[in-house]
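Comments concern the structure below.
The chains referred to below are lettered A, B, ... by the order of the sequence lines, with proteins before strands, and numbering in each begins at 1.
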2 protein chains.
Amino acid sequence: MCSSFDPGKCPTVSEMLSRLGDKWTVLIIMVLRNGPQRFSDIKRTVVGVSQRMLTLTLRALERDGMVRRTVYATVPPRVEYELTELGRSFSEPIQAFGGWVFENYNQIHAARAEFDARSEAERGNDKLIKIG
Amino acid sequence: MCSSFDPGKCPTVSEMLSRLGDKWTVLIIMVLRNGPQRFSDIKRTVVGVSQRMLTLTLRALERDGMVRRTVYATVPPRVEYELTELGRSFSEPIQAFGGWVFENYNQIHAARAEFDARSEAERGNDKLIKIG
DNA sequence: CTGGATCCGATTCGATACTG
DNA sequence: CAGTATCGAATCGGATCCAG
């Protein structure tokens with residue numbers, strides 16, 4: 001058990017944070033919010049994901065209890081993935097975070113533009129100094 | 001501008017998510033919540049961070065408008081970092097996420113234990129089948 | 001003290017080929 | 001259809017050295 005939710009004190013928190021950071025986890029969770037999906041459906045919906053990464057990501061989510069995997073003994077095989085209750089709950093703070101970024105989109109990009117302009121200017125000054 | 005906060009439709013959202021995923025950003029933000037800090041203070045507090053990564057992470061946060069960097073023209077130089085209003089606001093959904101993990105810590109670890117036991121059992125069965 | 005530059009090992013991930 | 005196995009390219013990050 002961890003003493004607090006400080007990522008520095010709770011490895012699990014930082015693990016889950018880096019989960020969020022990988023390219024596919026969040027996308028897949030969002031897709032699964034629409035209900036159970038087959039492997040190939042997810043692959044089709046999450047544009048650009050490779051078979052390998054889809055498998056690995058789903059496995060990790062399954063291991064953490066976020067996703068339930070159901071195999072139907074048909075031929076060809078049919079495997080369905082769906083969010084567990086835990087997984088659905090997990091998706092809430094993620095949505096909240098996405099919402100925050102969306103709301104503050106303009107401020108972030110304004111800050112970047114200003115920072116980049118400033119850097120550009122400094123490089124320009126350096127040039128002048130060196131030339132002069 | 002993005003059409004929604006779906007990471008698939010808004011590159012900025014996925015950028016910020018992968019920020020969370022890197023090893024240091026969240027730790028540094030949490031440290032800065034305690035007020036302005038000097039470079040070496042942060043380095044001392046965030047155990048294990050290299051000079052390089054601290055610099056890079058702070059630069060990225062500064063560029064996004066989360067952190068303000070103030071240089072005092074003393075010798076030796078003194079540089080202070082502090083959260084901006086945007087940065088402080090940014091830390092809220094992060095805290096919320098950390099809180100969620102903390103609250104659901106037990107469920108996550110229970111799921112992992114079960115998953116690992118199951119995998120272990122399957123490997124065991126495979127062995128028996130192969131041997132038998 | 002702050003932080004830029006470089007080198008290099010480790011990890012990540014996509015592409016490809018193969019299996020039940 | 002739903003994976004597993006393997007390989008190579010790219011990226012990441014720590015260690016080290018240097019500078020204002």
Side-chain angles (χ1 to χ4, degrees), chain A residues 7 14-15 17-28 31-32 36-63 67-82 115 118-119 122-123 125-127 129-130, chain B residues 14-15 17-28 31-32 36-63 67-82 115 118-119 122-123 125-126 129-130:
Chain A
S14 47
E15 278 173 36
L17 279 166
S18 66
R19 257 328 132 59
L20 293 195
D22 76 53
K23 209 173 170 186
W24 306 114
T25 296
V26 173
L27 290 175
I28 291 170
V31 166
L32 288 180
Q37 311 267 335
R38 300 185 55 170
F39 185 88
S40 24
D41 290 336
I42 305 173
K43 180 150 171 35
R44 206 169 307 115
T45 308
V46 181
V47 181
V49 68
S50 66
Q51 203 169 42
R52 172 190 153 86
M53 289 317 292
L54 181 53
T55 301
L56 290 178
T57 306
L58 285 169
R59 284 284 180 283
L61 288 172
E62 189 194 355
R63 185 173 112 96
V67 160
R68 180 167 32 250
R69 177 171 178 268
T70 310
V71 182
Y72 298 93
T74 59
V75 35
R78 172 193 182 84
V79 180
E80 273 191 2
Y81 294 89
E82 62 183 325
F115 183 91
R118 217 176 278 271
S119 306
E122 281 169 22
R123 272 201 301 278
N125 286 341
D126 284 358
K127 247 179 199 166
I129 291 169
K130 278 172 187 168
Chain B
S14 48
E15 277 173 39
L17 279 167
S18 66
R19 242 355 116 56
L20 294 194
D22 77 53
K23 209 173 170 184
W24 306 114
T25 296
V26 172
L27 290 174
I28 291 171
V31 166
L32 289 180
Q37 312 268 334
R38 301 186 54 171
F39 186 86
S40 23
D41 291 335
I42 306 174
K43 181 150 169 35
R44 204 170 308 113
T45 308
V46 180
V47 182
V49 69
S50 66
Q51 203 169 45
R52 171 190 154 88
M53 289 318 292
L54 181 53
T55 302
L56 288 178
T57 307
L58 285 170
R59 282 286 177 283
L61 287 172
E62 190 194 355
R63 185 173 112 97
V67 160
R68 180 168 31 252
R69 177 171 177 269
T70 311
V71 182
Y72 297 92
T74 60
V75 35
R78 171 192 183 85
V79 181
E80 271 190 3
Y81 294 89
E82 62 183 324
F115 183 91
R118 216 177 278 271
S119 307
E122 281 169 21
R123 272 202 300 279
N125 287 341
D126 285 358
I129 289 169
K130 278 172 189 169

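Taking atom CZ of residue B:F39 and atom C1' of nucleotide C:dT2, one finds them 6 Å apart after rounding to whole Å. Per the geometry, CD1 belonging to B:I28 stands 14 Å off P belonging to C:dT2, to the nearest Å. Rounded to an integer number of Å, the gap from CG of B:L56 to P of D:dC12 is 10 Å. Between the NZ atom of B:K43 and the P atom of D:dG13 there is a distance of 15 Å, rounded to whole Å. Atom C1' of nucleotide C:dT2 and atom CG of B:L58 are separated by 11 Å, given to the nearest angstrom. Nucleotide D:dG3 holds its P atom 13 Å from the OH atom of A:Y72, rounded to whole Å. Nucleotide C:dG3 holds its P atom 14 Å from the CG atom of B:L61, rounded to whole Å.
Residues from residues 44-54 of chain B with heavy atoms under 4.0 angstrom of DNA chain C, sorted by number: B:Q51, B:R52.
If you take CG on A:L58 and OG1 on A:T25, they are separated by 9.0 Å, rounding to the nearest 0.5 Å. Taken to the nearest 0.5 Å, the NZ atom of B:K43 stands 11.0 Å off from the OG1 atom of B:T45. Here CD1 of A:I28 is found 8.5 Å from CE of A:M53. Values are rounded to the nearest 0.5 Å. Once rounded to the nearest 0.5 Å, the distance linking CZ of A:R63 with CZ of B:R118 reads 13.5 Å.
The listed nucleotides are C:dG14, D:dG3, D:dC1; the one nearest the side chain of A:P77 is D:dC1. Each of D:dG14, C:dC1, C:dG4 was ranked by its minimum atom distance to the side chain of B:T55; first place goes to C:dG4. Among the nucleotides D:dG20, D:dG13, C:dG3, the one closest to the side chain of B:D22 is D:dG13.
Side-chain nitrogen and oxygen atoms of A:W24 include at least one within less than 4.0 Å of the OP1 or OP2 phosphate oxygen of C:dG14. Distances shown here put a side-chain N or O of A:Y81 below 4.0 Å from the OP1 or OP2 atom of D:dG3. Phosphate contact (OP1/OP2 of C:dG4, side-chain N/O of B:R59, threshold under 4.0 Å): present.
Closest non-hydrogen pair, B:L32 versus B:Y81, comes out as CD2-O, 3.5 Å. Smallest separation of non-hydrogen atoms from A:E80 and A:P36: OE1-CB, 3.7 Å.
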Worked verdict on B:L54 versus B:I42 for side chain to side chain contact (heavy atoms under 4.5 Å, CB included): CA-CA 8 Å; B:L54 181 53; B:I42 306 174; 3.7 Å; yes
